[in-house]
Q: 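This is the structure I want to talk about, given as structure tokens.
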Amino acid sequence: MKVFEKIIKVSKDDLDQLNHVNNVRYVQWVQDIAELHWLNNAPKDITDNYFWVMMSHHIDYKSQAVLGDDINLKTFVIKSEGLISIRKVEIFNLSTNKLAAASETKWCFMNANTKRPARIPEEVISLF
């Protein structure tokens, strides 16, 4: 398991009408950090030929985040077998020292040429 992290700052565009980070933004952050992890670790010959599709997503909201808070997005893959990979994301509010949200997402590995599911090769599993 290789952890990938990125720190971001909550901006006005992240907020809902209650001036908290919008729930939809948390989901976007989950997708964004997963994509960054993929692009950061996988070589171009792999990213040109494969991609991931989200199959299911579960998120637990734990505490709020507001304008100006520093957020640590932390992700790691807990399991990859066959066509499926399970990824965790923890969204930690560094400004309050509290977990803001945690998610678990099931991703399907896809062949870019056929647009069909593909078995995850050991070469890809070892990247994460």
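What's counted below: heavy atoms across the whole structure, side chains too, no hydrogens, waters or symmetry copies. Since this is a predicted model, take the numbers as computed values, not measurements.
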Q: Establish whether Val53 and Tyr50 are linked, either directly or via other cluster members, by ILVMFWY side-chain heavy-atom contacts under 4.5 Å.
A: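 No.
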Q: Identify all side-chain donor-acceptor contacts of residues 118-128 below 3.5 Å with residues at least two apart in sequence or on another chain.
A:
| unit_1 | atom_1 | unit_2 | atom_2 | d |
| --- | --- | --- | --- | --- |
| Ser126 | OG | Glu122 | O | 3.3 |
| Ser126 | OG | Glu123 | O | 2.9 |

Q: Quick one: ring-ring contact (aromatic ring centres under 6.0 Å, His included) partners of Phe51, sequence neighbours excluded?
A: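 For Phe51, no residue satisfies ring-ring contact (aromatic ring centres under 6.0 Å, His included) once neighbours in sequence are set aside.
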Q: Say you draw a straight line from CG of Asn49 to CE of Met110; how long is it, rounded to the nearest 0.5 Å?
A: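 Those atoms lie 13.5 Å apart.
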Q: Under a 3.5 Å threshold, yes or no: a donor from one side chain and an acceptor from the other, between Glu104 and His58?
A: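 The criterion, which ignores hydrogens and geometry beyond distance, is not satisfied for His58 and Glu104.
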Q: Which atom pair, heavy atoms only, marks the closest approach of Asn113 to Asn111?
A: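 In terms of heavy atoms, the two residues are closest at N-OD1, 2.7 Å.
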Q: Should Phe92 and Leu36 be regarded as members of a common hydrophobic cluster, given that ILVMFWY residues are connected when their side-chain heavy atoms come within less than 4.5 Å of each other, either directly or indirectly?
A: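 The answer is no; the residues belong to distinct hydrophobic clusters.
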Q: Would you mind listing every salt bridge (charged side-chain N to carboxylate O under 4.0 Å, His left out) that reaches into residues 19-35, with sequence neighbours excluded?
A: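 Output for this query lists Asp14-Arg25.
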Q: Linking I/L/V/M/F/W/Y whenever their side-chain heavy atoms sit closer than 4.5 Å, directly or via other members, would Val89 and Tyr61 fall into one cluster?
A: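 Linked within one cluster.
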Q: Sequence neighbours excluded, which residues qualify as side chain to side chain donor-acceptor pair (under 3.5 Å) partners of Asn97?
A: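 Side chain to side chain donor-acceptor pair (under 3.5 Å) check on Asn97 returns nothing, list empty.
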Q: Hey, any chance Val27 and Val10 share a hydrophobic cluster, counting ILVMFWY side chains that come within less than 4.5 Å of each other, even indirectly?
A: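 Same cluster.
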Q: Assess whether side-chain contact (heavy atoms from CB on, under 4.5 Å) is satisfied between Asp13 and Leu15, documenting all intermediate values.
A: CA-CA 6 Å; Asp13 291 337; Leu15 304 179; over 6 Å; no
Q: With sequence neighbours left out, what residues match Ser103 under side chain to side chain donor-acceptor pair (under 3.5 Å)?
A: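 For Ser103, no residue satisfies side chain to side chain donor-acceptor pair (under 3.5 Å) once neighbours in sequence are set aside.
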Q: Using atom types as modelled, flag every donor-acceptor pair under 3.5 Å from a side chain in residues 67-78 to any protein atom, sequence neighbours excluded.
A:
| unit_1 | atom_1 | unit_2 | atom_2 | d |
| --- | --- | --- | --- | --- |
| Asp69 | OD2 | Val66 | N | 2.9 |
| Asp69 | OD2 | Asn93 | ND2 | 2.8 |
| Asp70 | OD1 | Lys9 | NZ | 2.8 |
| Asn72 | ND2 | Glu5 | OE1 | 2.7 |
| Thr75 | OG1 | Arg87 | NH1 | 2.9 |
| Thr75 | OG1 | Lys88 | O | 2.8 |

Q: Would you please name every residue forming a side chain to side chain contact (heavy atoms under 4.5 Å, CB included) with Met54, sequence neighbours left out?
A: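 Once residues adjacent in sequence are excluded, the partners of Met54 under the side chain to side chain contact (heavy atoms under 4.5 Å, CB included) criterion are Gln31, His57, Thr105, Trp107.
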Q: Only counting residues at least two apart or in another chain, list the ones meeting ring-ring contact (aromatic ring centres under 6.0 Å, His included) with Trp52.
A: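 With sequence neighbours excluded, Trp52 shows a ring-ring contact (aromatic ring centres under 6.0 Å, His included) to Trp38, Phe109, given in chain and number order.
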Q: Identify the heavy atoms of Cys108 and Met55 that sit nearest to each other, and give their distance.
A: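 The answer is CB-SD, 3.3 Å.
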Q: State which residues pass ring-ring contact (aromatic ring centres under 6.0 Å, His included) with Phe4; sequence neighbours excluded, sorted by chain then number.
A: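 Applying ring-ring contact (aromatic ring centres under 6.0 Å, His included) to Phe4 gives His37.
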Q: Under the salt bridge (Lys or Arg N to Asp or Glu O under 4.0 Å) rule, collect the residues that match up with Lys44, sequence neighbours excluded.
A: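 Testing Lys44 for salt bridge (Lys or Arg N to Asp or Glu O under 4.0 Å), a comparison that skips the adjacent residues, returns Asp48.
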Q: Provide the full list of salt bridge (charged side-chain N to carboxylate O under 4.0 Å, His left out) pairs with a residue in residues 53-66, sequence neighbours left out, each pair given once.
A: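 Of all non-adjacent pairs touching residues 53-66, none passes salt bridge (charged side-chain N to carboxylate O under 4.0 Å, His left out).
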Q: Apart from Val24 itself, what residues make up its hydrophobic cluster, given side-chain heavy atom links below 4.5 Å?
A: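 Members alongside Val24: none; it stands by itself.
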